[in-house]
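Below is one structure, written out as structure tokens; the observations come after it.
Per chain, numbering begins at 1; letters A, B, ... match sequence-line order.
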Amino acid sequence: MVHLSSEEKSAVTALWGKVNVEEVGGEALGRLLVVYPWTQRFFESFGDLSSAHAVMSNPKVKAHGKKVLAAFSEGLNHLDNLKGTFAKLSELHCDKLHVDPENFRLLGNVLVVVLSHHFGSQIPLRSFSLCQKLWGHHEAP
Amino acid sequence: MSLTKSERTIIMSLWDKVSSQSEAIGTEALERLFLSFPQTKTYFPHFDLHAGSAQLRTHGAKVAAALGDAVKNMDNLDSALSPLRDLLAYKLRIDPVNFRLLSHCLLVTLAVHLPADFTAETHAAWDKFLCQVSAILTEKYR
């Protein structure tokens, strides 16, 4: 269970308010597929993933990235009940999609890198460590 | 998992851009490590780990120097990292999981300092390189 103080929740919410969910989602998913190419195994129907450029400009990657990040957003609205909020998604990824939970950790870390890349030193170190704390807990049980 | 020629070029080119501030990079990566993964502080009970501490800066410089060495010797990482590898295996014995954590913090720090250069390709090359370095450094643990 994630436990953030109300101050920490405000810090993360403030950071998230600046995030362009559509852009960042596509970027994070794209980088996951480029940096850890074995993750492409789940996306064989996505078309051309043959180079970094192809992945990052692939419209299916962008669309799916947007979906994924919308789910993260939802999680931020329900920090006191992450398990409940993600129950259906968790079942889907486990029972239907058969995704190794390790992939959620990889994606969470890529997301932290992407946010760092976008916001740089505008955001205090503390906010990134909170993101790390948060997205380490988005793994399926 | 060996580095391609193009990956090596990418790695060297990025390091070239930060080498003048490499100590600051090393120090910031450590700060991020201790903040995001407080369990890593257990290896430094004898250090003042507050931001800006002299000990943190000295150790950050050491980390940066080791990384710089690795970048300069990508053709021969084994031999370049051998002294540090022995030190880690027989004296320091830092749990291997922590190399992955520090690597992540190094990537975040590089992304923050070089936004224009930290493309997906660069991110991939550096992640692979840091994995390689970590693997070599923990090779003699058992």
Do A:Trp16 and A:Leu29 belong to the same hydrophobic cluster, where Ile, Leu, Val, Met, Phe, Trp and Tyr are linked whenever their side-chain heavy atoms lie under 4.5 Å apart, directly or via other members? yes

Could you state whether B:Leu92 and B:Leu67 fall into the same hydrophobic cluster, counting links through intermediate Ile, Leu, Val, Met, Phe, Trp or Tyr residues with side-chain heavy atoms under 4.5 angstrom apart? yes

Please examine the side chains of B:His104 and A:Gln132, heavy atoms only from C-beta on, and report whether any two atoms are closer than 4.5 Å. yes

Minimal non-hydrogen separation, B:Arg32 against A:Phe128, with atom names: NH1-CD1, 3.6 Å

Starting from A:Leu15, can I reach A:Leu111 by hopping between I/L/V/M/F/W/Y residues whose side chains sit under 4.5 Å apart? yes

Shortest non-hydrogen pair, B:Val108 vs A:Ser116, comes out as CG1-OG, 3.1 Å

B:Leu102 and B:Phe118: same hydrophobic cluster, using ILVMFWY side-chain contacts below 4.5 Å? yes

Please tell me if the side chains of B:Asp127 and A:Tyr36 come closer than 4.5 Å, counting only heavy atoms from C-beta onward. yes

When B:Ala125, B:Cys105, B:Ala111 are compared by non-hydrogen pairs under 4.5 Å with chain A, the top option: B:Ala111

What is the distance from atom CG of A:Leu125 to atom OG1 of B:Thr109, rounded to the nearest 0.5 Å? 7.5 Å

To the nearest 0.5 Å, atom NE2 of B:His123 lies from atom CD of A:Glu27 at 9.5 Å

State whether the number of non-hydrogen atoms from other residues, nucleotides or ligands found under 6.0 Å of A:Lys66 atom NZ is greater than 12. no

Give the member of B:Arg100, B:Glu28, B:Glu121, B:Glu31 that has the highest number of heavy-atom pairs under 4.5 Å with chain A. B:Arg100

Give a yes or no on whether A:Glu22 atom CD has more than 12 heavy-atom contacts from other residues, nucleotides or ligands under 6.0 Å away. no

Rounded to the nearest 0.5 Å, what's the gap from OG1 on B:Thr119 to NE2 on A:His117? Could you check? 8.0 Å

I'd like to know if B:Ile136 and B:Tyr90 are part of one continuous hydrophobic network [Ile/Leu/Val/Met/Phe/Trp/Tyr, side-chain heavy atoms within less than 4.5 Å]. no

